[in-house]
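Worksheet: the structure to be examined is printed underneath.
Read the numbers this way: they start at 1 and go in the same order the structure lists the ligands and their atoms. These numbers come from a predicted model, not from an experiment. Scope of the values below: all heavy atoms of this structure, side chains included, with no hydrogens, waters or symmetry mates.
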Amino acid sequence: MPQMFYLFHFFLLLMAVSFSAQLQAQVRDQHSFSNPEQISSRHLLLDVTVDFDKSELRGFVEHQLKRQQQDANTLVLDSRALVIEKVLQQKADGQWASAYFQLGEAAGILGQSLSIQLSPGSQKVRVYYHTTADSSGLQWLSPAQTSEKQQPFLFSQSQAIHARSWIPLQDTPAVRVSYQARIRTPKQLLAVMSADNSKNTERDGDYHFDMPQPVPSYLLALAVGDLHFQSMSAQTGVYAEKTWLKKAVNEFADTQAMMDVASKLYGQYPWGRYDLLILPASFPFGGMENPRLSFITPTVITGDKSLVSLIAHELAHSWSGNLITNSNWEDLWLNEGFTNFFENRLMAEVYGKGRADMEYSLSVAELTRTMPDLTQADQALKLKLQGRDPDEAFSPVAYVKGQLFLSFLEQRFGRERFDQFVSLYFKTFAFRSMDTARFLQFLQTNLLDKYPQVVSKAEVEQWVFQGGLPDTYPKRPSDAFSDVEKQLALFVAGTPQWQTSQWTVHQWLHLLDKLPRQLSGQQLINLDQQFGFSQSQNAELFVAWSRLAVPLNYEALKQPLRQFLLKVGRSKFVVPLYRALAHNPHWQDFAKQVYQQARPGYHPLTQAQVDKIVQ
Ligand code: BES
Ligand code: ZN
């Protein structure tokens, strides 16, 4: 019997060794210089002053360390466009002393390694630093660039690898840290973070934050501005400038309902509160899933809740992404594909199957439109990003093809079994990182092997590792869209009989997707007069119309388009618009003129993208 016992223990030991080997293999992230497999940062203390005069953050970050290899004495952090002033370490006897550090050569988007020599037994280091004008993760806005135009504004955007441009840290999604922060700002401004706000949120320019749950670096987030708070429900509320506060509260009133549905589907909401922060219109994304506080573009506040799937999306990330995190940017589909799938489930539950079906079809249309522009390799879910900017991984492939793969599994195994599988996945790997190989293993064990002959390994591998879109994805026809197509056919035949008074925004979007790309000037004028596309206050509609009308030289669009590009900096909108303008020789000068005026108001990431289009 004792022999059996030892054998069993030996077996456990073997398992543990192979598990930690797997962990180590997993943390090797080509987009980070850091060495968490030797020494990892476990907890951060951020103490910075927000200086709007100099447009810089200044202060220190303290890292609490854990030696994964006992003899390791060099801590490697990531940094980019930072000035490192000094580094201290707390020695085994508790005394603080300076530590020798060295910055590696600048390597483009990756920035520079920051290597710090530690004495044996040192448990903490403090890096004193300040940010610079090239800190790509921060946007500093002058009062004129805000909605209220009275106070300046600052916000961070860390995903994918921009956290290193405002905090020197181990900038890989395979490492998680809990954090505390003290943020000093001008007295009249409020600071918020992806954390618990202090109990004492008196507006005094000295703010304390606590994030007890460990999060990956790309979820560290800070915003400072003339912000006000309004509660929506027990767990949800909105931070915004005054202009947006009431409008946002009305638009996003269903957030608590979404949370309740999500918790019922896939397990209790793990982060306590869920608040929304409405950013100035230059925010480069639709939304960013910063834990406890999603960052949201004001361009989804339309007055009719037509674009609130964005909230469902960012909320869904509270599970897919924030709880289970892609360990590498090559596995981004695990974050975004799961989230798109989850988002659509939430939309169906809260707003009905009809709406969710329309959103699903619009996503499929976007995927099939963009797929041909991508290489075969970039059409696979598992990406290869060696030597590339991870921001390039964000294409509809990760989002929509990922979603369709999961929908395919759901259809084959049945909703009940698939829901169970997803719940088990979230429960099993909570607060850990995940890569494609380990996900496939889990899928094999918990679905493929459990219910044999439903889906083959070859089918899974085609979805994950090959280009193209397998035709096995579930089709979800929509009556509302069939009506659009019927009316469109009459229009194309020259006998329009529009009956659109009951149409939703999604139907209009479908119409604009399907309208022939060759329309006469008179047809454009008629459509615009009847339906007012050029005046639409719905950014999605306005942009879809513009993408149709710019190549056709529709002059009446110029004024509203100029206004839109001067106001909105969301890259999903402005990049395709500038691309359409640059493609049309008659509109290139217009593009240059507008961009020259608009550029200072765009986020550095958006500027970099548009710089490549408009010369
Ligand atoms: N995590 C992304 C935001 C993001 C995208 C960060 C690219 C860094 C690079 C966020 O969850 C997201 O997907 N936002 C989308 C909206 C969504 C409904 C598809 C966006 O910003 O448009
Ligand atoms: Zn997302």
Side-chain angles (χ1 to χ4, degrees), residues 31 109 136-137 139 155-165 171 173 194 215-221 252 258 274 276-279 281-291 293-300 306-326 329 331-347 356 359-360 362-367 370 383 385 388-403 406 506 509 539-540 543 568-576 603-606 608-609:
H31 293 110
I109 50 146
S136 53
Q139 188 179 10
F155 66 87
S156 70
Q157 166 55 42
S158 298
Q159 197 180 11
I161 56 169
H162 303 282
R164 66 189 67 178
S165 78
D171 198 7
S194 53
V215 294
S217 55
Y218 77 90
L219 295 177
L220 293 173
F252 305 134
M258 290 179 182
Y274 182 69
L276 304 173
L277 169 67
I278 311 303
L279 287 124
S282 70
F283 184 58
F285 299 113
M288 178 64 214
E289 65 269 27
N290 298 317
L293 183 67
S294 284
F295 284 22
I296 303 293
T297 172
T299 60
V300 292
S306 58
L307 304 180
V308 296
S309 61
L310 178 89
I311 307 298
H313 181 95
E314 304 314 335
L315 171 67
H317 271 305
S318 304
W319 288 261
S320 44
N322 299 4
L323 199 56
I324 303 188
T325 306
N326 52 209
W329 298 113
D331 299 310
L332 175 73
W333 78 274
L334 289 173
N335 274 18
E336 298 298 347
F338 261 94
T339 299
N340 255 23
F341 175 81
F342 196 158
E343 165 202 326
N344 197 260
R345 286 295 305 278
L346 294 183
M347 292 307 290
E359 293 183 347
Y360 181 91
L362 288 169
S363 298
V364 175
E366 194 199 357
L367 177 67
T370 31
L383 293 167
L385 294 175
R388 294 167 69 190
D389 185 340
D391 286 351
E392 284 181 27
F394 290 81
S395 86
V397 170
Y399 286 83
V400 185
K401 188 177 170 185
Q403 172 186 5
L406 299 173
H506 300 88
L509 287 172
E540 293 280 353
V543 172
V568 175
R570 181 175 172 189
S571 59
K572 176 190 168 188
F573 295 145
V574 305
V575 169
H603 189 281
L605 297 173
T606 312
Q609 282 177 288

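With respect to atom 16 (C) of ligand 1, the closest heavy atom belonging to the protein is Leu310 CD1, 3.4 Å. In terms of protein heavy-atom proximity, atom 19 (C) of ligand 1 is nearest to Tyr399 CE2, 3.7 Å. Looking only at protein heavy atoms, the nearest one to atom 10 (C) of ligand 1 is Gly287 O, 3.2 Å. Closest to atom 4 (C) of ligand 1, if we only count protein heavy atoms, is Gln159 OE1, 3.6 Å.
Paired with Pro396 under the rule side chain to side chain contact (heavy atoms under 4.5 Å, CB included), one option of Glu366, Lys401, Gln403 passes, and it is Glu366. In summary, of the residues considered (Phe285, Phe295, Tyr274), a side chain to side chain contact (heavy atoms under 4.5 Å, CB included) with Glu314 occurs for Tyr274 alone.
In this structure the side chain of His162 reaches within 4.5 angstrom of the side chain of Asp391, judged on heavy atoms. Using a 4.5 Å cut-off on side-chain heavy atoms (C-beta onward), Trp329 and Leu383 make no contact. Under the 4.5 Å side-chain criterion, counting only non-hydrogen atoms from C-beta, His313 is in contact with Tyr399. Contact annotation: the side chain of Gln157 approaches that of Phe283 to within less than 4.5 Å [non-hydrogen atoms, C-beta and beyond]. Side-chain atoms of Thr297 and Phe573, non-hydrogen and from C-beta on, never get closer than 4.5 Å to each other.
Looking at Phe394 against ligand 1, only its side chain comes within 4.0 Å, counting heavy atoms. When non-hydrogen atoms are compared, ligand 1 lies under 4.0 Å from the side chain of His313 (C-beta onward) but not from its backbone.
Between Phe285, Phe573, Phe283, it is Phe285 that holds the heavy atom closest to atom 9 (C) of ligand 1.
Of the N or O atoms in Asn340, none lie within a sub-3.5 Å distance of an N or O in ligand 1. At under 3.5 Å, not a single nitrogen or oxygen of Asp391, backbone or side chain, sits near a nitrogen or oxygen of ligand 1. Between Gly286 and ligand 1, an N or O atom pair is found at a separation short of 3.5 Å. In terms of polar-atom proximity, defined here as any N/O pair under 3.5 Å, Gln157 makes no such contact with ligand 1. In terms of polar-atom proximity, Glu289 is counted as a contact of ligand 1, with an N or O under 3.5 Å from an N or O of the ligand. At least one N/O-N/O distance between Glu314 and ligand 1 falls below 3.5 Å.
Atom numbering of ligand 1 starts at 1 in the shown order; those under 4.0 Å from a heavy atom of Arg570 are 22 (O). Atoms of ligand 1 lying under 4.0 Å from at least one heavy atom of His317, given by number and element, are 11 (O).
In the model, His317 has no side-chain atom that pairs as donor or acceptor with a side-chain atom of Glu343 under 3.5 Å. There is a side-chain donor-acceptor pair under 3.5 Å between Thr339 and Ser320.
Aromatic rings of Phe155 and His603 (six-membered ring for Trp) have centroids within the 6.0 Å cut-off, being under it.
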Between Arg570 and Thr299, is a side-chain hydrogen bond (donor to acceptor under 3.5 Å, both in side chains) present by the stated rule, with each step listed? CA-CA 8 Å; Arg570 181 175 172 189; Thr299 60; 3.2 Å; yes
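Geometry note: the Zn ion (ligand 2) is the vertex, His317 NE2 and His313 NE2 are the arms, and the angle is 100° (rounded to 10 degrees).
Restricting Glu336 to its N/O/S atoms, the shortest distance to the Zn ion (ligand 2) is reached by OE1.
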